[in-house]
Each structure stands twice: as structure tokens, then as C-alpha cells.
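One structure is given here, and the rest of the page talks about it.
Letters A, B, ... are given to chains in the order of the sequence lines, protein chains preceding strands, and every chain is numbered from 1.
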Amino acid sequence: MELAPTTPQRSFMRHRAGYFFVLPALVMYAIFFIYPFLSSVYLSMTDWDGVKPMNFVGLSNYQKLLGDPLMWVSLGHNLIWVIIGTIAPIAIGLLLAVLLWGRTRGQLIFRTIYFMPVVMSAVVVGIIWGWIYNPIFGFLNRFLTAVGLEGLARGWLGETNTALFAVLAAAIWQHVGFCVVILFAGLQKVDIELIDAARIDGANSWQRFLNVILPQIRHVLTMVTVFTVIGGFNVFDIVFVLTRGGPANATELIATYTYRKSFSENQVGYGSALSMVMTVLALAATIIFMRIRSRGEELE
Amino acid sequence: MIATKTRSKASDTRYEMGRGASELARYTVLVTWGLVALLPFVLMWSSAFKTSKEIYRDPFALPASLSIDNLVRAWTVGRFGNYLGNSLIITLPTVLGVLVLSCLAGYGIARYDFKGRKAIFLLFLLGIMVPFQSVMIPLYYNLRDYGLLGTYGAMIFPAIGLGLPFGIFLMQAFFRGLPDELADAARVDGCDEFRTFWQVMLPLARPAMSTLFVFQFMWTWNAFLMPLLYMQKEDLRPLPLGLMFFQGRYTSDYGLIAAGVAIATLPVIVVYILFQRQFIRGLTAGALK
């Protein structure tokens, strides 16, 4: 009987088969990702308007970007979005996951309901929240009136000082279920005996949570955080459906601004430079996350 | 060991005392968020059976009668049948394409040690990190030049290409975990490399494939920016995009819009209920890695 290949020659031949498995995917990926990605980098250094022949302009788009007040306004909104949009759903999600943990009746039903907004398209979420905020018959204003707080009722999406937070609230509402499911999964790995030991040592539930549970789920916690942070830099759909960046740029974010510049105003070169800002932010967030993660592993 | 057990029992009784109250608080919080998550949908669906006047008068009230007027009107006037078909025509080939190519490439990367394997894998990983916006602009002009703009292909092909990084990452992690002995045994039995993959290894990958299936399905079905850019023809619009334009056209016909939302959410809910285990299991497995 002949045995499996052992000589280096045959093993090399066998491993060459790997190319055939990878090739089809690589071709698709090269055409629809690598090539346009490199084109983006190049376009960001041109003055192209989508029609006329393009000129290479070096880094001048990036220079213009630094002096563009709307870019900074958008970036500031993204920053608010990332901070609140990360802390709020993770805090709510963590609370719910911890409460669900252990012997809870209907655990799966709760998780299924919490996750439902996550599977909905941003358009559906946008329309639903557009109704909630509707100034004429909106559920929120009706509710505030019903409980005697009609002074607070307003056109939530139409006023510059509330619009961003109103859109953000819709996004948080949608994202909580995602955090619950992942954090709940992380809790399954927590060592119950350690918690019992802490209880015996007199730690109250807050101390147990802070000193025993939290350190054990920090991997999962950093993972949810990086997902949410990257999502916060890239967010487009829900904002576009609800406000399109308005009123008066109050909800303009890097993604909506990029869309506007490149497709409504046909400043393809400048829009590409903006899209590179998003790319750099997302890459930076990922690299920081991987650093934190590998440091955590070294400590173990 | 025994000592710890008796001690923990003693503390358990003390723990039990405060338990009734804390249990009540626990379920109150859990149910409250359940309502927060669910009520907006319930309001929307119940509004689908109401006239705009009814909605305006009391948005919280249940419908006076179960009139399917709005639903029928939305289906015909709003052309939701058309959008639904478009969504299926776009989503199914995309999911299938991602699944096939990711299984092949994930297997190749996990089970073979060819030159450049690491570099290729890193190249794919790059696609997980960078946002769609980093390719969307040139992609528009590329698709135009390839003659794909104005066809379903304008969404299917890029969606496959952009779905691959996550798919390959997921599949290679799974194939890496399979024992070497299985593939070796198949080879000794005379299977060539492809048959080893197809008949022995691939059937084992079903759990990972079902996870990839549900997530890719959800992402493609709900994709918004991609069809907004590349599927501008009305005949090609998938459900979310169709719904957005529908809402823009009938802004004040609230009952009709609610019916549109109800129609658009129904397929998602059916798929979600059918595959909820895969959704939750997929995320759980990913989180524990």
C-alpha cells in the first residue's frame, strides 16, 4: 500500500493544490475590492469630477480637507456618535446580559426579542423612528403630553440641537440586542466558583460584578467595543434615511458627507479623500483593538 | 472542598432572603427592554390595519377593524411584489456565491501550506477592516465600464467580492479546527484533493456554513448604500430601497406606509424565526473565539 506523500517534492506538489482552492475567490476579490480600493487611493490624489479627464494633484485634496469646516463638523459628530453610541448600548447590553444570566425563565425568548431590531434594515428602523419622532402625531410627543410633560415635546429630527441625538437613539435601540447576545455568550465562560468565593468573602453584587465578572469577560467586551466603534465611524444608512445629514448639517457625518461630495456634487477626487479618512479611522480602531488584545493575552 | 460547600450553603440561605425582591426587579428590567424592543414593531404593524385618520387620532389604539385595505394597496400601488422579487434575485446568488467561494478559499488557506498563503490571508483580512466607503466611488465607475450598471449584476458581483473576507475568515477558522487524520485517511483511500474536500471535509463544515448563510443573507437583504448607488433604476430596487422611495412618495398616507413596512419586515421575521438558532449560535461561537 502506498502511504500519504512524504517526500518534500510530493508534499510541495500536494500543497500547490491550495492555489486552485483560493484562486476563484482571489479573482473576485481582486476585481471588486483590491482594484477599486487602490483606485480610491489614486482618485483621492486627483481633481476628477467623474466626467472630464482627471489631473493628478498630489496631496492637495488632503490639504483642503484639513481646512474644510464641514469635514471637522462631521468628524465631531462621528466622535459624539462613537462615544455615546458605544457606551450606551454596551452598558444597557451588559446590564441585560448579566440579568439574563443564570437561571432565567424564557432566556431564549428574551434574547430572540432583543435581537429582533438587529436583523431589520435601517430603512425599516428609520421609518419606525421617524414616526416616533413625528412632530404631528409622533408617539414620543403624544407620550410626553399624556404624562404631563408637553413642554418637552418638539420636532426631534427637525431641530439642530436634538437631531443628532434623536438619530443616535434609534441606532442605539437597534444595536442593544447585538451587545446582549455577544456579552451573554461571553458570560457563559465565567467561572461561577470564583463568584461564589467572592460572595463568601463578603463582596456585594456590585463588587462581584466589577472585580470578578468584568475581568473574565474583557475579551468579549473589547470585541463588542471595536465592532461598535468601527460601526460608529462608518454609520450611514440610518442617518441617510432619517435626516440625510440635515437640518443645517446637524447630523452630517463623514459617511454622509462623503456620499454628498462624491455623488451629489460630483467632487469625486475630494470625496475619495474623505473616504480615505474613514478607512484610516477604521484601520486605526482595529489596530488599537488588536494591540489591547495581544497585551491581554501576554498577561495571562 | 466539603468545608466550602457547607459554607456556601449557609450563605445561600441568607442570599435566598433577599431573592424574591431582586428576582422581581430582575424580570421587570428584562421585560421592560423586551417591550422597548418590540413595541415599535407592534405599533407599526397594527397601524397597517388602520386608516390615516385613525392613526392621527390615536397612534396607540388598536385598529377598529382588521381591514387589509392598506396591505392590498401597498402591494399593488407600491409594487412590493416587484421589490420582493428583486431582493430574492439579488440575495440568493450573492449568498450562494459567497458560500461557495469562501468554503473553497477557506479550505485552501486552512489546509494547504503553499507559498504566499499568509500574504493572501492578510489581504483578505484587510477587507474585514476597511469600510465599504473605501471602494464605493471607483466601484461605481468600474461597474459602469463593465456594463453592469442597470443590471442585477451591479449589486451581486460586488456584494460577493465584499462578502468574501468575513466568509473566508469564518470558514478557514472552522477548517483549521478539523483533525488531519480525516483528510489523510481519504487520501489513502485514493481520493484526489478536490474529492477529499468535497466528500469528506465540506459536509463537516455545515455548522459554519449555516452561520455564514444567515449573516450573509441578512447583510445582503438589508444592504442599503450599495443598491442606492448601483441600482438606481426603479425596476431593480430591492425591498429596503423600494420601501424608502415608497415612503418618500406617500409621506402623509400613514396607513399605507405602515402596510409597506409590515410587508417589508415579514420575510425578515420569517427567516429570523426559522434561523434564530444559527444567528445566536454564530454570534456566540464568534464571541468565544
Side-chain angles (χ1 to χ4, degrees), chain A residues 4 15-19 21-22 24-26 28-29 31-33 36-37 39-40 43 96 99-100 110-117 119-124 127-128 137 139 142 177 181-182 185-186 189 196 199-200 220 223 234 236-237 241 255 258 262 268 271-272 275 278-279 282-283 286, chain B residues 7-8 11 26 29-30 33-34 37-38 40 43-44 55-56 59 101 104-105 107-109 112-114 117 120 127 129-131 133-135 137-139 142 157-158 160-162 164 168 184 187-188 193 218 222 224-225 240 243-244 247 257 261 264-265 268 272 276 279-280 283-284 287-288:
Chain A
H15 282 297
R16 260 199 341 202
Y19 288 117
F21 283 99
V22 175
L26 202 56
M28 269 312 260
Y29 187 61
I31 298 173
F32 293 103
F33 180 80
F37 181 71
S39 308
S40 266
L43 280 180
L96 295 169
L99 292 178
L100 263 181
F110 279 120
R111 273 192 296 168
T112 304
I113 291 174
Y114 295 167
F115 199 70
M116 205 159 81
V119 300
M120 292 298 164
S121 81
V123 178
V124 167
I127 293 178
I128 289 180
F137 71 97
F139 304 129
R142 290 276 172 111
V181 170
I182 291 200
K189 283 218 317 199
D196 284 338
R199 183 184 295 142
I200 293 159
V220 176
M223 195 180 76
N234 299 344
F236 174 85
D237 299 7
V241 175
T258 305
S262 14
V268 178
S272 299
S275 80
M278 296 181 61
T279 308
L283 278 177
T286 318
Chain B
R7 253 170 64 194
S8 88
S11 78
R26 189 157 80 104
V29 175
L30 290 173
W33 188 266
L38 206 56
L43 281 174
M44 223 9 142
I55 295 169
Y56 182 78
L101 296 181
L104 283 168
Y107 183 79
I109 285 169
Y112 294 99
D113 190 20
F114 52 89
R117 184 184 69 98
I120 290 174
M129 300 174 212
V130 302
Q133 277 90 348
S134 68
V135 296
I137 301 165
L139 204 46
N142 291 344
F157 290 115
I160 292 176
L162 297 168
L164 287 173
I168 290 173
D184 288 344
R187 285 192 195 101
V188 170
E193 295 303 324
M218 180 176 83
N222 288 339
F224 176 72
L225 181 52
L243 180 63
M244 192 190 77
Q247 187 235 194
I257 293 170
V261 173
T265 48
V268 182
Y272 175 53
Q276 49 147 314
F279 272 106
I280 293 187
L283 275 180
T284 306
L288 297 183

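At a 4.5 Å heavy-atom cutoff, the contact between B:L30 and chain A is made by backbone and side-chain atoms alike. Proximity to chain A (any heavy atom under 4.5 Å) is shown, for B:Q133, by both the backbone and the side chain. Heavy atoms of B:Q247 lying under 4.5 Å from chain A belong exclusively to its side chain. The contact between B:N142 and chain A is made entirely by side chain atoms (from C-beta outward), counting heavy-atom distances below 4.5 Å. Contacts of A:F110 with chain B are made by side-chain atoms alone, with heavy-atom separations under 4.5 Å and no backbone atom involved. For B:M129, the parts lying near chain A are the backbone and the side chain together; criterion is any non-hydrogen pair under 4.5 Å. Interface remark: A:I113 contributes backbone and side-chain atoms alike to the contact with chain B (heavy atom separation under 4.5 Å). The part of B:L162 that comes within reach of chain A is its side chain, from C-beta onward, which places non-hydrogen atoms under 4.5 angstrom from that chain.
Taking the side chain as every heavy atom from C-beta outward, B:F157 and A:I31 never approach each other to under 4.5 Å. Residues B:L101 and A:Y29 fail the side-chain proximity criterion, which asks for heavy atoms closer than 4.5 Å. The shortest side-chain heavy-atom distance between B:Y272 and A:T112 falls under the 4.5 Å cut-off. Side-chain contact check for B:L139 versus A:F32: some heavy-atom pair is nearer than 4.5 Å.
A:M116 CE to B:L38 CG: the interatomic distance, rounded to the nearest 0.5 Å, is 5.0 Å. Taken to the nearest 0.5 Å, the CZ atom of B:F114 stands 12.5 Å off from the CZ atom of A:R16.
No other option in B:G108, B:A37, B:A264 has as many heavy-atom pairs under 4.5 Å with chain A as B:A37. Contacts with chain B were tallied for A:M278, A:R142, A:R111, A:M28; A:R142 has the most, counting heavy-atom pairs under 4.5 Å. Contact count versus chain B (heavy atoms, under 4.5 Å) is highest, among A:G177, A:S262, A:P117, for A:P117. Highest contact tally toward chain A, considering only B:L164, B:L225, B:V261, B:I55, is held by B:L225 [criterion: heavy-atom pairs under 4.5 Å]. For the options B:I120, B:I257, B:L43, B:D113, heavy-atom pairs under 4.5 Å to chain A are most numerous at B:D113. Of the listed residues A:P24, A:A122, A:A282, the one with more heavy-atom pairs under 4.5 angstrom with chain B than any other is A:P24.
Partners of A:V123 under the side chain to side chain contact (heavy atoms under 4.5 Å, CB included) rule, at least two apart in sequence or in another chain, are A:S121, A:I127, A:V241, B:F224, B:P240, B:L243, B:M244.
A side chain to side chain contact (heavy atoms under 4.5 Å, CB included) with B:P131 is found for exactly one of A:T279, A:L283, A:T258, namely A:T279.
Considering all non-hydrogen atoms of both residues, A:S39 and B:P138 come closest at CB-CB, 3.5 Å. Nearest heavy-atom pair across A:S40 and B:S134 is OG-O, 2.7 Å. The heavy-atom pair separating A:V119 from B:V268 by the smallest distance is O-CG1, 3.3 Å.
Using cut-offs of 30° and 60° for the angle between ring planes, the B:Y112 and A:F21 rings count as parallel.
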